[in-house]
Amino acid sequence: MATSYVFKEVTNQLTNGNTVTAVLDAVIRYNDKIYFTTVAGGYCYLVEVDKQGNYRELQLFKNDYDPAYGEDDDHGVPSIVWIEEGKKILAVGGSHTIYTPKKWAVVDIENWSIVASGDFGSVWLGNTVLVKTADGKISLIVVYEPNGARNIRWYEFDPSNNTWTDKGLVTNAESRTVWLAGYNVDNGNVLITIAKPGGYGPFALVQFDPNTKKFYDVNGNELTLPFDHSALFEVERMYAYIVNGYVYAGLYDFDNNVLYLKKYDLSHNELASKELCSQANGANTAYLYTSSALLYFDGKLWVIYRANDNKTTIAIVDLDTLDLTVMYKSSSNDIVFWPVPERYMNGAFVWHNTLDTSGQDNWAIEASSDHITYIVFIDPEQPSFKITSYPTSISGKPSETKTISVTIENQGSSDGDCTVRIKDHNGNVVASQQQTIGAGQSYTFNLTISLPSSVGSYTWSIEAYNTDTGSV
């Protein structure tokens, strides 16, 4: 685990001129690129952004919206999941209850194109959670609203033939929303929050095992489908993690307008509490309610929140005391809105920074153009080596001694040790040398080799081994 980190901040707008208006639960990272979805101009888009701020978007499908919200109704923002990491994504969204159909598309990332698509017809489907299971299939956990009666239903997608199977009801009690909350870090289970009957929170915290494809309560007891979630472990915010047998979750105190981070045992006894933010500068209550999220990355629990100084703040959480080590603060006083953590614990947050919330309603702000979407990549501070100069050919007599010069540049964010290795045509290391290279610096290695003893043409290789990361 690293002790220091590099934060790379980029911003994004769609090239058709529309500001990204919503990013709710659809953020995944692959190497140095972030993928998320949004709605703009009555359509749903998949957006790719890299660390240099380069981006592209792909129109997925129409956003069938509630006229009361307008064509950029964020209820239609698709959820996404990797079918094959770095190659194919499944997106599901584009509807709002009676404004159907809920749609799906398979995207080929390499060719940046849709290779399969369809919809769920006239059935009312709400918020979605997508989970890839061990057999390569995708589970869709979704709000199901036949004739307005809301439950949670389970569908399964088979990427081998692009077909869906209805797996039946998950809950038999009313629920208005469902979220991908986080993970049980101890066993790899996905944590899902299901709104308890009668509102859009508080939530029941449920485990879904991607290996067994079964649901469990927080104590590991299997839940027989459909189950009554009304009495299960309760959390007040959408995001939660289980680490070392304890539950970490947010709580919003509506009476006093204070946002907290809480630690509970599995019997729901509160063990620690940390205030993240209280009402600041007359900010609207709803902004505090939607201004925090959790992420587990690099063996640490991270929280993003709007601090009392009105700056977007990212901190590492002490798992015992909930004390915060602030790692990042935004340079401006813009206020974080709907922060979304990267869903595979790969280290990134995406959020809206809203310019002015004082006295304004958050839903109205969300649909306006006075905010922009920020993406922050979180990476351990470490060296990164690249070979920038080397001889492409060498000639000489059999067994002759030669000196090979190889220049290595450290393009990473910290000093580190690099070992240059020269391998012969049989893959044997015939020369090696190690050197510490400063961040942003270069060093030329001079290595002595003996040419093969027989006349001929041979292909040898040079590699730069990063001793800090254990990679070439």
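All heavy atoms count here, side chains included; hydrogens, waters and symmetry mates do not.
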Exercise for the section: With R421 as the cation and Y465 as the aromatic partner, state whether NZ or CZ is under 6.0 Å from the six-membered ring centre and within 45° of the axis. Expected result: yes
Between [X] and [Y], is there a donor-acceptor pair closer than 3.5 Å when you use the side chain of the first and the backbone of the second?
X: T193; Y: F203; value: no
X: D415; Y: A439; value: yes
X: D209; Y: N189; value: no
X: R29; Y: N31; value: yes
X: K103; Y: P78; value: no
X: T177; Y: Y200; value: no
X: D265; Y: S267; value: yes
X: N219; Y: N221; value: no
X: H268; Y: V235; value: no
X: S175; Y: I194; value: no

Practice task
Test Y30 against every option in E342, K87, E48, E85 by the side chain to side chain contact (heavy atoms under 4.5 Å, CB included) rule and name the one that passes.
Solution key: E85
Handout entry: Positive for side chain to side chain contact (heavy atoms under 4.5 Å, CB included) with K300, one of V243, D318, I316, L295
Key = I316
Practice task
Step by step, work out the side chain to side chain contact (heavy atoms under 4.5 Å, CB included) result for V77 and F36.
Solution key: CA-CA 10 Å; V77 173; F36 62 88; over 6 Å; no
Exercise for the section: Give a yes or no on whether a salt bridge exists between K386 and E409, defined as a side-chain N under 4.0 angstrom from a carboxylate O. Expected result: no
May I ask you to test the [X]-[Y] pair for a side-chain heavy-atom distance under 4.5 Å?
X: I28; Y: I89; result: yes
X: L205; Y: L232; result: no
X: V340; Y: Y239; result: yes
X: T100; Y: D64; result: no
X: M327; Y: I378; result: no
X: L180; Y: V129; result: yes

What are the two closest heavy atoms between [X] and [Y], and how far apart are they?
X: I109; Y: Y35; result: CG2-OH, 3.4 Å
X: L130; Y: L90; result: CD1-O, 3.9 Å
X: F385; Y: P383; result: CZ-CB, 3.7 Å

Side chains of [X] and [Y] only: does a donor on one sit below 3.5 Å from an acceptor on the other?
X: D323; Y: T321; value: yes
X: D298; Y: Y5; value: yes
X: K329; Y: T313; value: yes
X: K262; Y: S273; value: yes
X: D228; Y: S230; value: yes

Exercise for the section: Give the intermediate values and the outcome of side chain to side chain contact (heavy atoms under 4.5 Å, CB included) for residues V39 and D73. Expected result: CA-CA 7 Å; V39 293; D73 180 356; over 6 Å; no
Tell me if the [atom1] atom of [X] is crowded by more than 12 foreign heavy atoms within 6.0 Å.
X: Y246; atom1: OH; value: no
X: K213; atom1: NZ; value: yes
X: K62; atom1: NZ; value: no

How are the rings of [X] and [Y] set relative to one another: parallel (under 30°), tilted (30 to 60°) or perpendicular (over 60°)?
X: F233; Y: Y264; answer: perpendicular
X: F215; Y: F208; answer: tilted
X: H75; Y: H96; answer: parallel
X: W104; Y: W164; answer: perpendicular

Problem - side-chain hydrogen bond (donor to acceptor under 3.5 Å, both in side chains) against W154, all qualifying residues, sequence neighbours excluded - result: S139
Problem - Residues forming a salt bridge (Lys or Arg N to Asp or Glu O under 4.0 Å) with E174, sequence neighbours excluded - result: R176
Problem - Partners passing salt bridge (Lys or Arg N to Asp or Glu O under 4.0 Å) against D166 (at least two apart in sequence or in another chain) - result: R153
Handout entry: Verdict with supporting geometry, S113 and N111, side-chain hydrogen bond (donor to acceptor under 3.5 Å, both in side chains)
Key = CA-CA 6 Å; S113 63; N111 296 308; 5.2 Å; no
Problem - Full working for side chain to side chain contact (heavy atoms under 4.5 Å, CB included) between F120 and L140 - result: CA-CA 12 Å; F120 290 86; L140 166 66; 3.8 Å; yes
Exercise for the section: Mind checking the CD-CG spacing from E270 to L251? Nearest 0.5 Å is all I need. Expected result: 8.0 Å
Fill in the blank from the handout: CG (N63) and OG1 (T38) are apart, to the nearest 0.5 Å, by 9.5 Å
Exercise for the section: For this output row, return yes or no: ring centroids of W302 and F349 closer than 6.0 angstrom. Expected result: no
Practice task
Taking the six-membered ring for Trp and the full ring for Phe, Tyr or His, determine whether the centres of Y248 and Y296 are under 6.0 Å apart.
Solution key: no
Exercise for the section: Report the C-alpha separation of L60 and Y43 in whole Å, then their side-chain angles, then the decisive distance to 0.1 Å, and conclude whether the side chain to side chain contact (heavy atoms under 4.5 Å, CB included) test is met. Expected result: CA-CA 7 Å; L60 296 173; Y43 288 88; over 6 Å; no
